[in-house]
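The structure under discussion appears below in the form of structure tokens.
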Amino acid sequence: MYLEEKYIPQKVEVKWQKYWSEKDLYRTIQYPSKKKFYCLEMFPYPSGEIHMGHARNYAIGDVVARYKRMCGFNVLHPMGWDAFGLPAENAAIKHGVHPAEWTYRNINYMKAQLNRMGLSYDWKREITTCSPDYYKWNQWFFLKMLEKGLAYRKRSFVNWCPSCTTVLANEQVVDGKCWRCENLIEQKELEQWFLKITDYADDLLRGCDELKGWPERVIAMQKNWIGRSEGIEVDFRIDGLNEDIRIFTTRQDTLFGATFVCIAPVHPLTERLISDKMALEELKARYGKMGEKIGIFTGCYAINPLNGEKIPIYVANFVLMEYGTGAIMSVPAHDQRDFDFAQQYNLPVKVVIVPEQQLLLGRSNKDVVTEAYEGEGILMDSGQFSGLRSDIAKERIARFIEDKGIGKKVINFRFRDWGISRQRYWGTPIPIVYCKKCGMVPVPEKDLPVILPEDVRFTGKDGSPLNESEKFLSTACPLCGDMARRETDTMDTFVDSSWYFIRYCFKKGDIDLISEIRTPNSELKYWMPVDQYIGGVEHAVLHLLYSRFFFKFMRDIGLVDLNEPFQNLLTQGMVIKDGAKMSKSKGNVVDPNHLIEKYGADTLRLFSLFAAPPEKDLEWSDQGVEGAYRFLKRLWGIVYKNRNMLYVKDKEFLLSSSRITDQALRLLRKTHQTIKRVTTDIEREFHFNTAISALMELVNELASYEPYDEDGKAVLRFAIEKTLLLLSPFAPHIAEELWEAVGNKPSIFEQRWPEWDEDMAKEEKIELVIQVDGKLRSRVLIPHGISDEEVKEIALNDEKIKNFIGNKTTKKVIVVKGRLINIVVS
RNA sequence: GCCGGAGUGGCGGAAUUGGUAGACGCAAGGGACUUAAAAUCCCUCGGAACUUUGUUCCGUGCCGGUUCAAAUCCGGCCUCCGGCACCA
């Protein structure tokens, strides 16, 4: 077989990409007798370019997919396009190109880029979410949720991005800014569609404990986001009025310390209790504004149901209507916020909890309070509950309240329902029509999909182009047949990505998804769950939470019988350059295209896998890339140099009958050790960086190896073949080329992953470390399997050791088998 | 403030169960080849001291502790990164 002297990656890579695609090497087959492995990377938004973050993400996924395939799994490794979204529409407004055209053009370009990276996707399962055969099912899920009461419409204050001219869900607001364009968010009152994700709050929270293969921090972020807290609701009677204010608290043990009540400016009772409307408007303008606490006294009093005390009612800007009941009891002694407020408005502070330790020191609750004590302790001045510990008191007081019928235990969640309406064009139409007679009517299932019309005008003015498309707008009411108007809001694109991993389980194109899923031995049952999911941590509480919600919903309507969609999750770190995340604004972007042109995809892949373990941030280094390139050139050179020597018969080498030279034996041993290291490093949470460094060590040995005889050549051949097999998931093109060059038939990816021989991987002799008093003093080579006594004797007779021990007496000797001996003398 | 994670040479990072700290790579310095350069190959490369080529001492953010033995375990701090944050 001919081999070029010089490694020209571009030539090699094009050759094999063509071969793999013609042979359809990465097709998935339904083969239930074979163990499956579903390897998934988060699909990209077709923005126009693959960036380094994608390149890293997909390189990681590709190693996993190729490795698992070689290990004998039937692997599903699909790719697709998160193709709805604002940039397409903005391009339409700016450049007059239709979003569909813009999107499909980008997809074609990016697909070519992915192929140039040599990624092993089965493109027969490609998904494009803006295609009607895909988004039809978004509409189907929406209707199902509507049917189950999980989709609803409500007028409320929502996050409005003035730059995107659309609404955002809470999860999509980061530091008060839009997650996509980073513009400041405004509050706007609108009628909106919501999905009742809060119905699944407990389920999503408890499910976190099932996520054994997820990173701790992602689970923590989800738990944090859901924000469960247990407490009680209690009614406070308004003095002189036949009306209650219901408050929520998690600290019912501090009820006796309440010295005032606060309600939200938008609380239903506020208007009735406040006479100064001007002041109220002023307060509303500062509603929820961080860092300042302001309030207005209503002139009314509430009665503490536990001790009958009359306490003033305030309207306060820091009390949120969206959480709990929109009203709180304020306990300045035990809540810093209430304390600050009390100081400002000269309200009394009443201590009712004293820490246990302080009580032991004989201190009481009469000391001057300079800040709130928010911990737990012993109750004081709390009537029949005085003297109890907080945890017990909480229980008793809750029961007392419930028995009296003036409140109940409740669990509150911090997160809100998912607002999915978007006032934009390029998204899935919400399948609803409004009829004058029948009101809001869902589009019947049989009429799906509601097609997004293509012939609309993009003016860039406020409002969706759908509002001006008469053809889209006017329709017949499904119930009475009269003229009706369609809903013009489209769905949040996170709906598209909430179930796309389901769609990959079936062939692409227009299929009857739900019937396919319901087929007794459906492909879904075979492929789900996703065995390994890989993507950026930025979706920890967005896509990953929405997907879990959708999946649980699917379970509840009988489509799947699993609780969680993603068994194992790997969140890869960011790609950093000069200490900052790569971004156009910082001007530190490295373009994968240039690297492929200069060094080839194998080098790009190898470096991004070698420079850091996948979950950590990766500091980009142009010289590091050179290093990776050097390594591949080196390997190429070794194979080239030995190309004629490699045509020898395969031989089995056994340690017992070894007749080979020491040098050959060393290489043979190193090869087995490398197989072991690379395999265990991949298995051990994908530590590709150390796997690659092991391969580098082996190649370093190969470089200086000269075979002297036929056996020596056979060992060389063995070592080179294993090197190529081990390298193939990381740098597939060069591995395939050299595999062929040493006289093998392609494809290397149809080979089995190599196995190591444990005996062969063992060093012939052990390097024994000898310590005196825990300090390294000498090393000697000893054979395997000798007893502790013999080890001790060797150590004590070592010249250096004798010097250290001198005439001191040995107090203790610790022997760690096969490693170390420590002689304690002082 | 609360919840995560991290801190190791000039740099990226190794050290898998508490048992040789610094694998592998980058950068740097020296040498070989060359008219020269590039490429390639070889050597050195944590710090300090010395009786200077091989030995001692120090060294994994800081201070303590446990242990024959600690980057690793425990307690207390410091710094950085990420998430949440008037959520009652």
Non-neighbouring partners of Met582(A) that pass side chain to side chain contact (heavy atoms under 4.5 Å, CB included), sequence neighbours left out: Met52(A), Val575(A), Lys577(A), Asn588(A), Val590(A), Trp620(A)
Taking atom types as modelled, is there a side-chain donor on Ser229(A) or Asn412(A) under 3.5 Å from an acceptor on the other? no
Residue set satisfying side-chain hydrogen bond (donor to acceptor under 3.5 Å, both in side chains) with Glu626(A), at least two apart, ordered chain then number -> Tyr599(A)
Looking at residues at least two apart in the chain, or sitting in another chain, which of them share a salt bridge (charged side-chain N to carboxylate O under 4.0 Å, His left out) with Asp417(A)? none
Protein-nucleotides 39-45 of chain B N/O pairs under 3.5 Å:
residue : atom : partner   : partner atom : Å
C41(B)  : OP1  : Arg634(A) : NE           : 2.9

Treating primed atoms plus P, OP1 and OP2 as sugar-phosphate and everything else as base, which nucleotides of nucleotides 2-8 of chain B get B, S or - for protein heavy atoms under 4.0 Å? --S----
Using a 4.5 Å cut-off on heavy atoms from C-beta on, say whether the side chain of Thr198(A) contacts that of Phe413(A). no
Any idea which of C86(B), U16(B), A85(B) is nearest the Asn317(A) side chain? C86(B)
Could you pull out all residues at least two apart from Ser621(A) that satisfy side chain to side chain contact (heavy atoms under 4.5 Å, CB included)? Phe607(A), Gln623(A)
Please work out the stems of RNA chain B from pairs that are Watson-Crick or G-U wobble with both distances under 3.5 Å, keeping only runs of three or more consecutive pairs. B:1-7 with B:78-84, B:10-12 with B:24-26, B:28-32 with B:40-44, B:46-50 with B:54-58, B:61-65 with B:73-77
Going through the distances and angles, do Glu282(A) and Lys284(A) end up as a salt bridge (charged side-chain N to carboxylate O under 4.0 Å, His left out)? CA-CA 5 Å; Glu282(A) 163 84 4; Lys284(A) 275 187 178 173; over 6 Å; no
Touch class at under 4.0 angstrom, heavy-atom based, for Asp338(A) against every strand present: nothing
Residues forming a salt bridge (charged side-chain N to carboxylate O under 4.0 Å, His left out) with Asp244(A), sequence neighbours excluded: Arg237(A)
The nucleotide from G25(B), A27(B), A88(B) with an atom nearest the side chain of Phe610(A) is G25(B)
Residues at least two apart in sequence or cross-chain that pass side-chain hydrogen bond (donor to acceptor under 3.5 Å, both in side chains) with Lys598(A), listed by chain then number, are none
Tell me whether the NZ or CZ atom of Arg643(A) lies within the 45° cone about the ring axis of Tyr640(A) and under 6.0 Å from its centre. yes
Identify the pairs formed between an N or O of the protein and an N or O of nucleotides 29-33 of chain B at a distance under 3.5 Å, and give each distance.
none

Using atom names, set out every protein N or O paired with an N or O of nucleotides 68-72 of chain B below 3.5 Å, distance rounded to 0.1 Å.
residue : atom : partner   : partner atom : Å
C68(B)  : OP1  : Lys812(A) : NZ           : 3.1
C68(B)  : O2'  : Asn822(A) : ND2          : 3.3
C68(B)  : O2   : Asn822(A) : ND2          : 2.5

Do any of residues 687-697 of chain A sit with a heavy atom less than 4.0 Å from RNA chain B, and if so which? Asn689(A), Thr690(A), Ser693(A), Met696(A), Glu697(A)
Does a salt bridge link Arg684(A) with Asp681(A), judged by any charged N lying under 4.0 Å from a carboxylate O? yes
